[in-house]
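First the proteins, then the strands, lettered A, B, ... as listed; each starts at 1. Owing to the predicted nature of the structure, the values given are computational and were not obtained by experimental measurement.
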Amino acid sequence: MPELPDVEGFRRVLAEHAGKRIEDVVVHDAQVLRGVSAQRLRKSLTGQRFEPPRRLGKWLIAPVGGRPETLVLHFGMTGSLSTGPPHRHDRVVFRMAGGELRYRDMRKLQGLRLLGESGLEELLAGTGPDALEVPKGRFRELLPARRQLKGALTDQAVLSGLGNLLADEILWRAKLNPRTPAGELSPAEVDRLHARMRSTLRTAVRAGRVPPRASWLTGHRDEPSGACPRCGTALRHGRTGGRGTVWCPRCQPG
DNA sequence: CGGACTCCCTGGCAGC
DNA sequence: TGCTGCCAGGGAGTCC
């Protein structure tokens with residue numbers, strides 16, 4: 001499921017098409033359009049060009065040259081942006097001078113927005129710093145003391161880009177229990193969490209996704225009796241904030 | 001305030 | 001074989 005590393009990959013796909021003329025926008029399923037009609041989207045984009053896109057957390061932000069509007073994409077759980085062959089879950093297709101760009105999303109939990117200046121400002125104001133970019137000093141300050149660690153990491157208003165799987169992976173690497181109140185961490189533990197978050201994200205961004213490696217926790221979370229890739233202890237499964245949570249009781253006591 | 005819960009949405013799968 | 005119901009989780013919203 002798309003988290004920060006996947007969205008960074010989609011950003012690169014879109015970046016390759018920046019500056020090319022948008023010939024047409026074909027909306028196959030208007031259910032993914034949020035606050036914009038198919039007609040307005042088409043009118044606003046056709047004949048224009050995307051400026052170089054940026055990413056904040058899981059948001060992909062593409063200003064439209066020649067217009068005061070910005071296309072903002074979110075990929076929910078099952079979304080993607082690609083130039084590959086057509087697929088039945090392609091919801092919106094951008095016909096560009098250099099090929100077709102496909103917004104694909106099976107479950108339609110999120111979608112596309114076309115925001116003006118104030119709408120974009122509002123969106124960005126409600127989104128915390130990017131998990132890949134946030135410096136150590138800022139990271140120390142932003143974790144709300146009275147919250148469970150995992151809930152804080154996955155709250156996009158606190159820190160943006162981490163989803164359920166990456167949060168578990170990072171906490172496992174930092175050897176911290178998901179339910180630990182953030183305020184109970186020592187300064188050294190906060191620094192370790194920041195360091196593990198950065199290294200995990202850097203590796204995943206290079207791969208364009210969370211890599212399917214046996215040495216990562218993520219690959220073992222769906223195994224009924226999965227073992228910790230580090231110490232072999234049986235992994236524990238629970239729920240945090242309504243989401244499945246996997247951790248090693250030996251590496252991550254608490 | 002924070003945490004638990006529900007809802008949206010679809011496809012895959014277990015169980016009958 | 002085919003039905004039903006549950007599960008996955010990003011994010012918004014509600015309730016306590």
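- By the 6.0 Å contact criterion, CZ on R236(A) is open, its count of non-hydrogen atoms from other residues, nucleotides or ligands being 12 or less.
- Within 4.0 Å of R221(A), counting heavy atoms only, lie sugar-phosphate atoms of the nucleic acid but no base atom.
- Geometrically, R173(A) engages W216(A) in a cation-pi contact defined by less than 6.0 Å to the ring centre and at most 45° from the axis.
- In this structure, K20(A) places its NZ atom where more than 12 heavy-atom neighbours from other residues, nucleotides or ligands lie under 6.0 Å away.
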Protein-to-nucleotide contact annotation, 5' to 3' order, nucleotides 10-16 of chain C [B base; S sugar-phosphate only; - none; under 4.0 Å, heavy atom]: BB-----
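- Shown for residues 78-91 of chain A: residues whose heavy atoms fall under 4.0 angstrom of DNA chain B, namely R88(A), H89(A).
- Proximity of R107(A) to the phosphate of dC7(C): no side-chain N or O atom is located under 4.0 Å from OP1 or OP2.
- The distance from the CD1 atom of I61(A) to the OG1 atom of T127(A) is 7.5 Å, given to the nearest 0.5 Å.
- Contact between the side-chain N/O atoms of R239(A) and the OP1/OP2 oxygens of dA4(B) is not found at any separation under 4.0 Å.
- In the set dG11(B), dC9(B), dA4(B), dG11(B) carries the atom at the smallest distance from any side-chain atom of M106(A).
- Note: CZ (R146(A)) to C1' (dG3(B)) measures 12 Å, nearest angstrom.
- Taking every heavy atom of both residues into account, F139(A) and M197(A) meet most closely at CE1-CE, 3.8 Å.
- Residue L56(A) comes nearest to G128(A) through the heavy atom pair CD1-O, 4.0 Å, listed as atom of the first residue, atom of the second, then distance.
- In this structure the side chain of L4(A) reaches within 4.5 angstrom of the side chain of R55(A), judged on heavy atoms.
- Atoms CG (D105(A)) and C1' (dG11(B)) sit 13 Å apart, rounded to a whole Å.
- Residue-level contact check: G244(A) touches the backbone only, with heavy atoms under 4.0 Å from sugar-phosphate atoms and none from bases.
- Put simply, NE2 on H237(A) is 15 Å from C1' on dC7(C), counting in whole angstrom units.
- Here CZ of R67(A) is found 14.5 Å from CZ of R49(A). Values are rounded to the nearest 0.5 Å.
- In terms of heavy atoms, F50(A) sits closest to A62(A) at CD2-CB, 3.9 Å.
- The CZ-P distance, from R104(A) to dT10(B), rounds to 17 Å in whole Å.
- Residue-level contact check: G242(A) touches neither bases nor backbone, having no heavy atom under 4.0 Å from any strand.
- Within the 4.0 Å cut-off from OP1 or OP2 of dC8(B), not a single side-chain nitrogen or oxygen of K108(A) is found.
- Side-chain nitrogen and oxygen atoms of Q148(A) include none within less than 4.0 Å of the OP1 or OP2 phosphate oxygen of dG2(B).
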